[in-house]
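Here's the structure we're looking at; comments come further down.
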Amino acid sequence: QVQLVESGGGLVQAGGSLRLSCAASGGTFSTYTLGWFRRAPGKEREFVAAISWFGGRTFYADAVKGRFTISRSNAKNTVFLQMNSLKPDDTAVYYCAGTRRALDVSTTAYGDWGQGTQVTVSS
């Protein structure tokens, strides 16, 4: 298992940017597929983006494609989510998650989760 801790959330105006970070410890980070998910108030947790263990493959939800970028540094055991052109609909708690499986968009594929970081986008 790997322990994951998110940071970087906050309050931002629509059109602004935030960069989330997720620091990992306790596992072989470089072998994990990493994903970002979010849960908006009153909604189910949903997939945002994922990156393969070697960083060569990424995948995004349609709602964030072209605005968000996922990246990772295996040397620093950290995965990032750069969020640009933020919209009020992006308001949610954002979670980092890890899996030993191949790149996947399903929450059930990920066994390791962080505690989440709140992102609030004001209009």
Side-chain angles (χ1 to χ4, degrees):
Q1 278 191 326
V2 63
Q3 288 74 49
L4 303 169
V5 179
E6 303 95 335
S7 61
L11 174 64
V12 63
Q13 288 188 330
S17 299
L18 280 175
R19 189 192 197 205
L20 304 183
S21 299
C22 175
S25 62
T28 309
F29 179 80
S30 61
T31 65
Y32 278 74
T33 292
L34 278 301
W36 285 97
F37 293 77
R38 67 187 182 186
R39 176 179 283 159
K43 296 186 177 180
E44 297 290 320
R45 189 176 299 189
E46 65 176 5
F47 171 79
V48 175
I51 187 166
S52 61
W53 66 271
F54 62 94
R57 290 184 61 206
T58 57
F59 191 76
Y60 297 91
D62 287 344
V64 307
K65 200 173 295 182
R67 300 187 298 121
F68 291 11
T69 302
I70 188 171
S71 62
R72 67 189 293 165
S73 168
N74 288 342
K76 296 181 179 180
N77 285 2
T78 304
V79 62
F80 306 96
L81 185 69
Q82 178 66 43
M83 306 186 295
N84 299 328
S85 302
L86 282 161
K87 306 174 181 179
D89 284 349
D90 295 318
T91 295
V93 177
Y94 283 72
Y95 299 89
C96 174
T99 179
R100 290 283 186 90
R101 298 171 62 169
L103 202 149
D104 202 303
V105 304
S106 171
T107 58
T108 59
Y110 293 78
D112 299 305
W113 292 84
Q115 82 290 348
T117 185
Q118 176 71 47
V119 171
T120 303
V121 184
S122 63
S123 57

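Throughout, residue positions are numbered sequentially from 1 according to the sequence presented. On a predicted model such as this, the values are computed, not experimentally measured, just so you know.
- Remark: the backbone N or O of G9 is paired with a side-chain donor or acceptor of T117 at under 3.5 angstrom.
- Rounding to the nearest 0.5 Å gives a distance of 13.0 Å between OG1 of T58 and CG of L34.
- Heavy atoms of other residues, nucleotides or ligands lying less than 6.0 angstrom from CD of Q115 number more than 12.
- For residues 61-85, no pair satisfies ring-ring contact (aromatic ring centres under 6.0 Å, His included), with sequence neighbours left out.
- For S85, the side chain to side chain contact (heavy atoms under 4.5 Å, CB included) criterion is met by R67, not counting sequence neighbours.
- Tested against W36, the residues V64, I51, V48 include a single side chain to side chain contact (heavy atoms under 4.5 Å, CB included) partner, V48.
- V119 has its side chain within reach of L20: a pair of non-hydrogen atoms, C-beta onward, lies under 4.5 Å apart.
- No side-chain heavy atom of S7 sits under 4.5 Å from any side-chain heavy atom of V5.
- When atom types are taken as modelled, the side chain of Y32 and the backbone of S52 share no donor-acceptor pair closer than 3.5 angstrom.
- Considering only residues two or more places apart in sequence or on other chains, D104 meets the side chain to side chain contact (heavy atoms under 4.5 Å, CB included) condition with R101, S106, A109, Y110.
- Residues L4 and G98 share a closest heavy-atom pair of CD1-N, 3.7 Å.
- In this view, Q13 and S122 satisfy the side chain to side chain contact (heavy atoms under 4.5 Å, CB included) rule, not counting sequence neighbours.
- By the criterion of side-chain heavy atoms lying less than 4.5 angstrom apart, applied directly or through intervening Ile, Leu, Val, Met, Phe, Trp or Tyr residues, Y60 is grouped together with V79 in one hydrophobic cluster.
- Applying the side chain to side chain contact (heavy atoms under 4.5 Å, CB included) rule to E44 yields no partners; only residues at least two apart in sequence or on another chain are considered.
- Atom NZ of K65 sits in a crowded spot, with more than 12 heavy atoms from other residues, nucleotides or ligands closer than 6.0 Å.
- Ring geometry for W113 versus Y95: interplanar angle over 60°, hence perpendicular rather than tilted (30 to 60°).
- Remark: R38 engages E46, D90, Y94 in a side chain to side chain donor-acceptor pair (under 3.5 Å) (not counting sequence neighbours).
- Counting all heavy atoms, side chain and backbone alike, A14 lies closest to P88 at CB-CD, 4.1 Å.
- Under the 4.5 Å side-chain heavy-atom criterion for ILVMFWY residues, no single connected hydrophobic cluster contains both F37 and L86.
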